[in-house]
Amino acid sequence: MLERIISVSIVLAIVVLTVMLQVSTPTTAGPLGILIVFIFMYVLALGVLTFFIFGASRVCARLIKIASPKAQQRPLTLVRSYYFSSVIALAPVIFIGMQSVGEVSFYDVVLVVLFVGVACFYIAKRTA
């Protein structure tokens, strides 16, 4: 069920982003239009990253099983992949938002990467 919801949200985000970027400009869309673009960019990144992390964990689990048959490596579930990607997908939106209001410095990048790292560590500990 979750995979269907994510798939539908990806398609919906692509359609809305395409319409918003073709019909309006940032000056004509206003703050609400820009907010809608950021939200749907997050939804699109969330969906794509969820399936990417889910698929990559399955491939890694298979490769580890081939390399050492005695090792037990479980791939991530789709729900857990969704949790991780919900945090990771926020980073590009934060960078774009920060760039739109000013300049992104090295210090800002370090802070966002640190935030994502701490959040992923928290998710790993809570869902283990």
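Keep in mind it's a predicted model, so treat the numbers as computed, not measured.
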Atom OG in Ser105, atom CG in Asp108: separation rounded to 0.5 Å?
3.5 Å
Are Phe54 and Arg80 side-chain neighbours, meaning at least one heavy-atom pair lies under 4.5 Å?
no
Contact check, side chains of Ser7 and Phe51, non-hydrogen atoms, under 4.5 Å
yes
Could you state whether Val8 and Val11 fall into the same hydrophobic cluster, counting links through intermediate Ile, Leu, Val, Met, Phe, Trp or Tyr residues with side-chain heavy atoms under 4.5 angstrom apart?
no
Could you give the distance from CD1 (Ile6) to CD1 (Ile10), rounded to the nearest 0.5 Å?
7.0 Å
Can you tell me how far the OG atom of Ser81 sits from the CD1 atom of Ile123, to the nearest 0.5 Å?
11.0 Å
Can you get from Val116 to Val118 by hopping between Ile, Leu, Val, Met, Phe, Trp and Tyr side chains that sit under 4.5 Å apart?
no
Summary of side chain to side chain donor-acceptor pair (under 3.5 Å) pairs that have at least one residue in residues 53-69, sequence neighbours excluded
none
Please indicate whether Phe115 has more than 12 foreign heavy atoms, meaning atoms of other residues, nucleotides or ligands, lying under 6.0 Å from its CZ.
no
Hey, quick one: are Leu12 and Leu49 part of the same hydrophobic cluster, counting side-chain heavy atoms closer than 4.5 Å, chains of contacts allowed?
yes
Report all side-chain donor-acceptor pairs from residues 16-25 shorter than 3.5 Å, counting only partners two or more places apart or in another chain.
unit_1: Thr18; atom_1: OG1; unit_2: Ile14; atom_2: O; d: 2.7
unit_1: Ser24; atom_1: OG; unit_2: Met20; atom_2: O; d: 2.9
unit_1: Thr25; atom_1: OG1; unit_2: Thr27; atom_2: OG1; d: 3.1
unit_1: Thr25; atom_1: OG1; unit_2: Thr28; atom_2: N; d: 3.3
unit_1: Thr25; atom_1: OG1; unit_2: Thr28; atom_2: OG1; d: 3.1

Any chance you could measure Ile88, atom CD1, to Tyr83, atom OH, to the nearest 0.5 Å?
15.0 Å
Check the hydrophobic clustering (I, L, V, M, F, W, Y; side-chain heavy atoms under 4.5 Å; chains of links allowed) and say if Leu111 and Leu90 are grouped together.
no
Following the transitive rule for hydrophobic clusters with a side-chain heavy-atom cut-off under 4.5 Å over Ile, Leu, Val, Met, Phe, Trp and Tyr, establish whether Val87 and Val79 coincide in one cluster.
yes
Hey, can you pull the donor-acceptor pairs under 3.5 Å for the side chains in residues 31-46, sequence neighbours left out?
unit_1: Tyr42; atom_1: OH; unit_2: Ser86; atom_2: O; d: 2.8

Test Thr50 against Phe84 for side-chain contact (heavy atoms from CB on, under 4.5 Å), laying out the working first.
CA-CA 8 Å; Thr50 300; Phe84 282 113; over 6 Å; no
Quick one: CD1 on Ile53 to OH on Tyr82, what's the gap to the nearest 0.5 Å?
12.5 Å
